[in-house]
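Reviewing the structure listed below.
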Amino acid sequence: MDRHAVLAALRARVARIERAGLTGREEASAIPLCPEMDRALPGGGLPRAAVHEILSDGAGAAVGFAALLMARSGGTVFWIARDPDPWPPGLMGFGLPPSRLIVAQPSNHVDALWATEEALRCHAVSAVLLMDERPDATAMRRLQLAAETGGGIGLLLCEAEAEEGPSLAATRWHVTGRAGGSMHDLGDPQWTLDLLRCRAGRPQRWQVTWRAGIESLVVDEEMREESPAPRRSRRH
């Protein structure tokens, strides 16, 4: 893989998006989710300039949650996966138009981490999604430093394992779909969001619905759970 050529092409694509006036990036220090969740998160939302983990139950719910975060990041976003499968209508349902999306398809794990790090370092990129890769501690530190340099968010999305190890990420989420929770479902997606780990915060759980018609994430009051996240992750 000619990394110099790839990097030049990606920079040119980002520059075209900027010239088209599609970045729209906000400079707030945190990405808002919903009032109830923002009050529980240090900084009032999902912190920028940081890497976050999203664990999936294998369905489309975690992808939908990631799409929502990328959409609210406000600028150009990268989708990096060896087997990319972004579904434009589904992404649009979470407020992320294809015009803001750049898809990169690395051929191996090393190239995937390299592309993620380079994208995170770019000040014009507001969010980077890395699919189905598990960086080691050294790679995680490099990704975090890159996010601090660029100011965007890094999202590491992979399937949950029976016993997750310690994490260097700013937050770790486990997303489970409920009725209508798939990104490909025509109904309002409904998720269980377990915040398993949060710097300067505590584990929590929310039952939420994404109301696409009003572009709002709503906590389901009748199913609200203030209990901590599952015991297996409270060690971290």
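Atoms considered below: every heavy atom in the structure, side chains included; atoms not considered: hydrogens, waters and symmetry mates.
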Decide yes or no for [X] and [Y]: does some side-chain heavy atom of the first lie under 4.5 Å from some side-chain heavy atom of the second?
| X | Y | value |
| --- | --- | --- |
| Trp79 | Leu101 | yes |
| Val175 | Leu55 | no |
| Ser126 | Thr76 | no |
| Leu130 | Val128 | no |
| Ile31 | Arg48 | yes |
| Leu91 | Pro98 | no |
| Trp191 | Thr209 | no |
| Val208 | Thr192 | no |

Output all residues satisfying salt bridge (charged side-chain N to carboxylate O under 4.0 Å, His left out) with [X], sequence neighbours left out; order by chain, then residue number.
| X | answer |
| --- | --- |
| Glu117 | Arg121, Arg142 |
| Arg199 | none |
| Arg211 | Asp188 |

Tell me whether [Y] is reachable from [X] by hopping between hydrophobic residues (I, L, V, M, F, W, Y) whose side-chain heavy atoms are closer than 4.5 Å.
| X | Y | result |
| --- | --- | --- |
| Ile102 | Leu113 | yes |
| Trp206 | Val218 | no |
| Met70 | Met92 | no |

Check [X] against [Y] and note the closest heavy-atom contact, atom names and distance.
| X | Y | result |
| --- | --- | --- |
| Arg100 | Ser73 | NH2-OG, 3.9 Å |
| Ala112 | Ile80 | O-CG2, 4.1 Å |
| Trp210 | Ser216 | CE3-O, 3.3 Å |
| Glu133 | His109 | OE1-ND1, 2.6 Å |
| Phe65 | Leu33 | CE1-CD2, 4.5 Å |
| Ile54 | Ala62 | CG2-CB, 3.9 Å |

request  = Determine yes or no for a side-chain-to-main-chain donor-acceptor pair under 3.5 angstrom, with Asp194 supplying the side chain and Leu196 the backbone.
outcome  = no
query = Any donor and acceptor pair, going by atom type alone, linking the side chain of Arg202 with main-chain N or O of Arg197 inside 3.5 Å?
reply = no
Distance, nearest 0.5 Å, that separates [atom1] of [X] from [atom2] of [Y]:
| X | Y | atom1 | atom2 | result |
| --- | --- | --- | --- | --- |
| Asp111 | Gln105 | CG | CD | 11.5 Å |
| Arg141 | Leu168 | CZ | CG | 5.5 Å |
| Leu129 | Thr116 | CG | OG1 | 8.5 Å |

is_close_aromatic(Trp87, Phe94), centroid dist under 6.0 Å = no
[X]: partners by side chain to side chain contact (heavy atoms under 4.5 Å, CB included), with sequence neighbours left out:
| X | answer |
| --- | --- |
| Ala147 | Val51, Leu120 |
| Ala49 | none |
| Leu145 | Glu148 |
| Thr171 | Leu46, His52, Trp173, Leu195, Cys198 |

remark   = Exactly one candidate in Gln190, Gln207, Arg178 meets side chain to side chain donor-acceptor pair (under 3.5 Å) with Asp220; the answer is Arg178
key: Crowding at CD, Glu215 (>12 non-hydrogen neighbours, <6.0 Å)   = no
inquiry  = Set out, in order, the CA-CA distance, both residues' side-chain angles and the distance that settles side-chain contact (heavy atoms from CB on, under 4.5 Å) for Leu96 and Arg72, then state yes or no.
reply    = CA-CA 8 Å; Leu96 182 60; Arg72 292 193 170 182; over 6 Å; no
Steps toward side-chain contact (heavy atoms from CB on, under 4.5 Å) verdict (Ser56, Leu157) = CA-CA 7 Å; Ser56 168; Leu157 194 157; 4.3 Å; yes
